[in-house]
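Reviewing the structure listed below.
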2 protein chains.
Amino acid sequence: MLRLSKLTDYAVVVLVRLARCDEVQTAPGIATATGIPEPTVSKVLKALASGGLVVSQRGARGGYRLMRSLNEVAVSAVITAIDGPIALTACVEGSVGGCEAENLCPVRGRWDPVNEAIQSALSAITLADMQEAAMVRSFPLVLEPARLESSRLDPTRAVS
Amino acid sequence: MLRLSKLTDYAVVVLVRLARCDEVQTAPGIATATGIPEPTVSKVLKALASGGLVVSQRGARGGYRLMRSLNEVAVSAVITAIDGPIALTACVEGSVGGCEAENLCPVRGRWDPVNEAIQSALSAITLADMQEAAMVRSFPLVLEPARLESSRLDPTRAVS
DNA sequence: ACAAACAGGACCGGAGGGGTCCGCTTAGTC
DNA sequence: GACTAAGCGGACCCCTCCGGTCCTGTTTGT
Ligand code: FES
Ligand code: FES
């Protein structure tokens, strides 16, 4: 299902919340505002801070503050900050030793183009797009979508 | 890391192998040819058959055969057949009850555009592209890549 | 009738991720 | 200068999911 981690979802929630004012906001405050348990918020914010998406202010009256505005933050940046670099399979470039029978394998590193395509798509969407998406419902997908060739199979057609 | 399941990787291997001749090929045969353990090959082929990517011939002298040629099969079709419909988070359309505090949550279903973008990117790449990719190494990414804006952060720059 | 192959499950073990907690450091405040 | 409110870094556990295997039908050529 290509599921991305739930922490990334939380990260987006936190970032959007963080964008509502440019004052510093404490992790407990964000926790109560969003309903996400406080230790989890803390963990997410720590990851985002080390990823350079937010800046932290230590000490009393400390908290977190956005580093860039939402339309400067790509979704791929959030995913990278939380889940590490995007690597679809264990056999992408790097991590050479991970695969058994890699001399026989006929797809040595062929996922790389797919990987890059996804990264491109994710880099083209910013968090501002995402929050806009929920307001203008059923909007027609900002970036050029590379010609989605409508649904080859899957009779259930669960679009998600 | 946006990891996709290893079974999908195997599926691509199997499909590419299956394309080498249009005769039916048995699951044990493919297993020995690719080095993938036989029960796993069987499972993958079953999923692909139910997804409509291969057709099966039962009985003695049975086996599997490709239904479409490789350049007619999008990567998204393979992923959908193996891993089910692509759903980045638990909170995409459908599966309404899965999320706690969904009335508070400010990103209700905002992953949908991201989801569709990925699906578009994945639908634009066919298996033929993938096998071509490994031959013409470092090829410049067939589909228009929506302007990947080069690497905001991550000093390590692990591209994969 | 036999054998070879697929079909459709059940089943199990390990890895990974969500979630929590604790001790330490920093910096405002009184 | 002491206190306190926050972040920082890491260790930790538990649960879920996935990879991998196996077994019992069912089909079909020989
Ligand atoms: S599956 Fe790893 S190199 Fe092919
Ligand atoms: S996180 Fe599930 S609806 Fe927002």
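By convention in this document, chain letters (A, B, ...) are assigned in the order of the sequence lines, proteins followed by strands, and residues within each chain are numbered from 1.
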Phosphate contact (D:dC8 OP1 or OP2) by A:S42 side-chain N/O below 4.0 Å:
no
Closest listed nucleotide, where the reference is the side chain of A:Y64 and the choices are D:dG19, C:dG28, D:dC8:
D:dC8
Would the distance check show the side chain of A:S42 and the main-chain N or O of A:E38 forming a donor-acceptor pair, the cut-off being under 3.5 Å?
no
B:I125 and A:P113: which non-hydrogen atoms are nearest, and at how many Å?
CD1-O, 4.0 Å
Rounded distance in Å - CG (B:L45) to C1' (C:dA7):
12 Å
Look at the side chain of A:K46 and the base of D:dG9, then say whether one donor and one acceptor between them are separated by less than 3.5 Å.
yes
Applying a 4.0 Å non-hydrogen cut-off, can you work out what B:A49 is touching in the nucleic acid: base, sugar-phosphate, or nothing?
nothing
The nucleotide from C:dC6, D:dT21, D:dG7 with an atom nearest the side chain of A:T26 is D:dG7
D:dA6 P sits how many Å from A:E38 CD, rounded?
10 Å
Report whether A:L4 and B:L7 are members of the same hydrophobic cluster (ILVMFWY, side-chain heavy atoms less than 4.5 Å apart, transitive linking).
yes
Does A:S56 put a side-chain nitrogen or oxygen below 4.0 Å from OP1 or OP2 of D:dC8?
yes
The nucleotide from D:dT28, C:dT25, D:dT21 with an atom nearest the side chain of A:R58 is C:dT25
Can you figure out which of D:dG20, D:dA5, D:dG29 approaches the side chain of B:A60 most closely?
D:dG29
Send over the distance from B:L48 CG to C:dC6 P, rounded to a whole Å.
13 Å
B:Q57 side chain N/O closer than 4.0 Å to the phosphate oxygens (OP1, OP2) of D:dG29?
yes
Of B:T40, B:L45, B:L53, which is the lone residue that meets side-chain contact (heavy atoms from CB on, under 4.5 Å) with B:V14?
B:L45
Rounding to an integer number of Å, can you tell me how far A:D9 CG sits from C:dG19 P?
11 Å
Mind calculating the distance between CG (B:L4) and P (D:dC18) to the nearest angstrom?
12 Å
Can you identify which nucleotide, out of D:dG19, C:dT20, D:dG20, has its nearest atom closest to the B:K43 side chain?
D:dG20
Euclidean distance, atom CZ of residue A:R65 to atom C1' of D:dG7 [Å, nearest integer]
14 Å
Out of curiosity, A:Q25 CD to A:R20 CZ, how far, rounded to the nearest 0.5 Å?
8.5 Å
Which listed nucleotide (D:dG7, D:dG19, D:dT21) is nearest to the side chain of B:P39?
D:dT21
Measuring from the side chain of A:L7 (C-beta onward, heavy atoms only), which nucleotide among C:dG19, D:dC8, D:dG20 has the closest atom?
C:dG19
For B:S5 and B:T8, does a side-chain donor sit closer than 3.5 Å to a side-chain acceptor?
yes
Rounded to whole Å, the CD1-P distance (A:I82 to C:dG17) equals 13 Å
Nearest to the B:Y10 side chain among C:dG18, D:dG20, D:dG19, which nucleotide is it?
D:dG20
What integer distance in Å separates A:D83:CG from C:dG16:P?
14 Å
